[in-house]
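Notes for the one structure printed next.
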Amino acid sequence: MEPEVFETMPKSGFHRMKEIKDEYVDTSILEKVSLTFVKKNLIMPLKKKDGHLLVALADHKGIFALNELERIIGIPVKPVFTDEAQILNAINRFFDRLSGSAQEVIDGLNEESLEILSNVWEEPKDLIDLADEAPIIRLLNSLLFQAVKDRASDIHIEPYEKEVEVRFRVDGVLYPVLTPPKNIQDALVSRVKIISGLDIAEKRLPQDGKIRLLVAGKDIYVRVSIIPTSYGERIVLRLLDRKSEIIALDSIGLNPEQVAAFEGLLTRNNGIILVTGPTGSGKTTTLYSAISSINSTRRNIITVEDPVEYQLKGIGQVHVNPKIGLTFANGLRSILRQDPDVIMIGEIRDRETAEIAIQASLTGHLVLSTLHTNDTASAVTRLVDMGIEPFLVASSLSGVLAQRLVRVLCPHCKAPYTPTDEETRQFKTPPPLLWKAQGCEKCFKTGYHGRTGIFEFLIPGTEMRPLILKNQDADTIKKYAATRGMKTMMEDGIEKAACGITSLEEVLRVTKDECE
C-alpha cells in the first residue's frame with residue numbers, strides 16, 4: 001500500500017484510510033478468519049506491511065478484537081481506521097468470493113437435498129450469514145446476493161422444456177446469469193413461495209407476494225410475481241432498496257433549465273404535474289425527487305401508491321389495496337379530507353381517478369402523478385380520451401414531463417471515436433468525437449455503469465390552451481410545442497451523447513419510437 005493511502009488522525013497518531021480497494025486485501029489471510037468474527041467486531045484484515053498485519057476498524061470498539069485476531073493469524077496487527085460503510089462493503093465483497101457462487105451451489109446439489117426446505121424467518125436475516133442452509137435455500141440466497149451486488153433491478157427465473165434460465169436486469173437490459181438443472185425447478189419455486197407467504201399448493205393461478213430481506217447489510221424489499229406457463233411457474237423478483245437515498249432533481253438527468261422550470265411548478269399551490277413514460281422509465285423516482293425537494297414542516301404531503309416503494313420521512317403514504325376496496329380513487333377521496341397541500345398519486349389508471357385528481361388540482365391542491373404515455377403531448381390527449389373535458393385539462397394541467405432511461409457509459413473503459421456521416425446527420429452541430437462502450441471488469445464487460453434520464457418537458461401556456469380546447473391530436477400539439485422551444489427526448493439524448501455521458505447507439509435504442 002502506498003503511503004498516500006493513509007492520513008494521520010490528529011492527537012491519536014493512528015492512521016485513517018479513505019477507501020478499502022481490492023488490492024489492499026490479502027485473501028489468503030481472510031481464509032483463516034470467520035465471517036461472524038469480522039462482522040461482529042466490524043474489522044477487516046488487509047495486507048502485511050513492515051512485519052505487521054494492517055487491520056481496518058470502523059471505530060475504537062474493534063480494538064478489543066485485535067488481540068484475538070493476533071492469536072488467530074499469528075503475527076502482530078496494526079489498526080487503520082475507516083468508515084463503517086467501507087468495512088461492511090469490503091466484508092461483503094471478499095467473503096462472498098470465498099463462500100462460492102450460485103453455480104457452485106448448483107454443482108453441489110443432489111436428489112436428496114432437493115426435498116429440504118426450511119421455514120420462513122420472521123425477522124430478516126443477512127443472506128451472507130446463511131452459508132450453512134440447505135442447498136436450494138443457499139441457491140436462492142446466492143441469486144439474491146449476486147443480484148444486489150450486480151445492481152440488478154429484477155431477477156427472472158424462467159422454466160423451459162429441459163432447463164431453467166435465470167436472468168438479471170441490470171441498467172434496464174436483461175443478461176443471462178445461470179442455467180440450473182430442470183429437476184430443481186419445483187423446489188426453487190416452492191422456496192420462493194414460502195418466503196413470500198404464497199400458497200405452495202396453488203400452481204394454476206398467478207400469485208403476487210413480497211419478501212423483506214437483508215442482503216449484504218441492505219434492507220431489500222422484493223416484489224414477487226409468479227405465473228403459470230407451459231413448462232412450469234415463471235418467477236420475476238423486483239428488488240427495491242428501502243433505505244436508498246432519494247436522488248435530487250438536479251441529479252436525475254434534467255438540465256439546469258428543466259430543473260428551474262420544474263421547481264417553479266412545484267412552488268405553485270395548485271395544478272397538476274404529470275410524469276409520463278413506459279414501465280421502468282424512472283417515473284416514480286422522479287416523483288419522489290420532486291416531493292422530497294418541497295417537503296417541509298409547513299406542507300402536508302400525502303401520497304397514494306401501489307405499492308409504497310420507498311419510505312419518506314414527514315410524508316403520509318397510503319398503500320393501495322383493491323382487495324378491500326382501497327383503490328386509487330377511494331384513497332384519493334379519503335386523503336382529500338386530510339387537509340393536504342400536496343398530493344402524489346402513484347398512477348392515473350382510469351376516468352374516476354383522473355376526475356378526482358383534476359378537481360383536486362382546481363381546488364387548491366398541488367397534484368403530482370404518472371401516466372403511461374410515450375410523450376408529453378400524448379398525456380393531454382390521453383386525459384381527454386379518459387373522459388375529462390378539454391376545458392378542465394386546459395385549466396388544470398401545469399406541466400408534463402416525459403422521460404426514458406439511458407445507460408451511462410462506463411468512465412473506466414469508454415472510448416472516443418470519429419462519428420460516421422450517418423451519425424453526424426443526427427446532430428444540428430456535429431461533435432468532433434463521440435464515445436462508445438467497450439467493456440471492462442468494472443462494468444461486467446457491458447460498457448455501461450448506471451443510468452440517467454432523458455427528458456421532454458411540456459409546460460402548456462395560454463397560447464397552447466386553444467389547441468387543447470379544440471381537442472387537437474398529439475402530433476399537432478407536439479409540433480406546436482417544438483416551435484415554442486420544447487426539446488424532445490431524442491434531442492436531449494443526442495446532447496448527452498455529444499457530451500460523452502452515453503452513446504448515440506443507446507439513445508437511438510431508447511428513442512426508436514420517435515425515430516419511426
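Not one N or O on the side chain of Gln311 forms a donor-acceptor pair closer than 3.5 Å with the backbone of Lys313. At least one donor-acceptor pair closer than 3.5 Å links the side chain of Gln403 to the backbone N or O of Ser281. Panel note: side chain Gln258, backbone Asn255; a donor-acceptor pair is recorded below 3.5 Å. Checked by atom type and distance alone, the side chain of Asp83 never pairs as donor or acceptor with a backbone atom of Ala85 at under 3.5 Å. Counting only distance, with no hydrogens or angles, the side chain of His372 and the backbone of Pro278 share no donor-acceptor pair below 3.5 Å. Between the side chain of Gln207 and the backbone N or O of Asp199 there is at least one donor-acceptor pair closer than 3.5 Å. Between the Thr370 side chain and the Gly346 main chain, a donor and an acceptor come within less than 3.5 Å of each other. Of the possible donor and acceptor atoms, none in the side chain of Ser225 sits under 3.5 Å from a partner among the backbone N and O of Asp208. Between the side chain of Glu456 and the backbone N or O of Thr376 there is at least one donor-acceptor pair closer than 3.5 Å. Judged by distance alone, the side chain of Asp154 and the main-chain N or O of Leu239 form no donor-acceptor pair under 3.5 Å.
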For residues 326-336, which side-chain N or O atoms pair as donor and acceptor with protein atoms under 3.5 Å away, sequence neighbours left out?
from, atom 1, to, atom 2, distance (Å)
Thr327, OG1, Asn330, N, 3.2
Thr327, OG1, Asn330, ND2, 3.4
Asn330, OD1, Arg333, NH1, 3.0
Asn330, ND2, Gly325, O, 2.6
Arg333, NH1, Glu352, OE2, 3.2
Arg333, NH2, Glu352, OE2, 2.5
Ser334, OG, Asn330, O, 3.1

Sequence neighbours excluded and cut-off under 3.5 Å, please list the side-chain donor-acceptor pairs for residues 462-470, or say none.
from, atom 1, to, atom 2, distance (Å)
Arg465, NE, Ala394, O, 3.3

Please report the C-alpha distance between Glu305 and Tyr310 in whole Å, then the side-chain angles of each, then the deciding distance to 0.1 Å, and finally whether the side-chain hydrogen bond (donor to acceptor under 3.5 Å, both in side chains) criterion is met.
-> CA-CA 10 Å; Glu305 308 171 57; Tyr310 300 97; over 6 Å; no
Please test Tyr175 against Val173 for side chain to side chain contact (heavy atoms under 4.5 Å, CB included), starting from the C-alpha separation and ending with a verdict.
-> CA-CA 7 Å; Tyr175 297 97; Val173 178; 4.0 Å; yes
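By the 4.0 Å N-to-carboxylate-O rule, Asp171 lies too far from Arg407 to be salt-bridged with it. Salt-bridge annotation for Lys487 and Glu495: present, with a side-chain N of the basic residue lying under 4.0 Å from a carboxylate O of the acidic one. Ion pairing of Glu202 with Lys193 is absent here, as no side-chain N (NZ or NE/NH1/NH2) approaches a carboxylate O to less than 4.0 Å. Ion pair Glu506/Arg509 flagged as a salt bridge, since at least one NZ, NE, NH1 or NH2 atom sits closer than 4.0 Å to an Asp/Glu carboxylate oxygen. The pair Arg167-Glu158 meets the salt-bridge criterion, with a side-chain N (NZ, NE, NH1 or NH2) lying under 4.0 Å from an Asp/Glu carboxylate O.
None of Leu405, Ile252, Val510 except one satisfies the side chain to side chain contact (heavy atoms under 4.5 Å, CB included) rule with Arg451; the exception is Leu405. Among the candidates Thr303, Thr353, Ile345, the single residue satisfying the side chain to side chain contact (heavy atoms under 4.5 Å, CB included) test with Ser369 is Ile345.
Residues that satisfy the side-chain hydrogen bond (donor to acceptor under 3.5 Å, both in side chains) test with Arg349, not counting sequence neighbours, are Asp306, Glu347. Remark: Asp475 pairs with no residue by the salt bridge (Lys or Arg N to Asp or Glu O under 4.0 Å) rule, at least two apart or across chains. Checked against side-chain hydrogen bond (donor to acceptor under 3.5 Å, both in side chains), Tyr480 has no partners two or more places apart in sequence or in another chain.
Taking the side chain as every heavy atom from C-beta outward, Arg404 and Asn374 approach each other to under 4.5 Å. Looking at Lys442 and Cys413, their side chains never come closer than 4.5 Å, going by heavy atoms from C-beta outward. Contact check for Glu165 versus Pro176: side-chain heavy atoms found under the 4.5 Å cut-off. Taking 4.5 Å as the limit, some side-chain heavy atom of Leu366 sits within range of a side-chain heavy atom of Ile294. Side-chain contact check for Val189 versus Ile235: some heavy-atom pair is nearer than 4.5 Å. Cys410 is not listed as a side-chain neighbour of Thr446, based on a closest heavy-atom distance of 4.5 Å or more. With a 4.5 Å cut-off on side-chain heavy atoms, Cys499 and Lys496 do not count as touching. Between Pro340 and His365 there is a side-chain heavy-atom pair separated by less than 4.5 Å.
Note that OG1 of Thr488 and CG of Asp375 are 10.0 Å apart. Values are rounded to the nearest 0.5 Å. Expressed to the nearest 0.5 Å, how far SG of Cys443 lies from NZ of Lys414 amounts to 12.0 Å. Ile324 contributes atom CD1, which lies 4.0 Å from atom CG of Asn321 (distance to the nearest 0.5 angstrom). Rounding to the nearest 0.5 Å places CZ of Arg238 at 14.0 Å from CD1 of Ile211. Here OG1 of Thr424 is found 9.0 Å from CD of Gln426. Values are rounded to the nearest 0.5 Å. Atom CZ of Arg169 sits about 4.0 Å away from atom CG of Leu174, to the nearest 0.5 Å.
Using modelled atom types and a 3.5 Å distance limit, the side chains of Tyr448 and Thr502 yield no donor-acceptor pair. For the residue pair Asn295 / Ser292, no side-chain donor-acceptor distance below 3.5 Å is found, with atom types taken as modelled.
Residue Tyr231 qualifies as open at atom OH: its count of foreign heavy atoms under 6.0 Å is 12 or below.
Pairs of residues two or more places apart, or lying in two chains, never qualify as salt bridge (Lys or Arg N to Asp or Glu O under 4.0 Å) while including a residue from residues 264-285.
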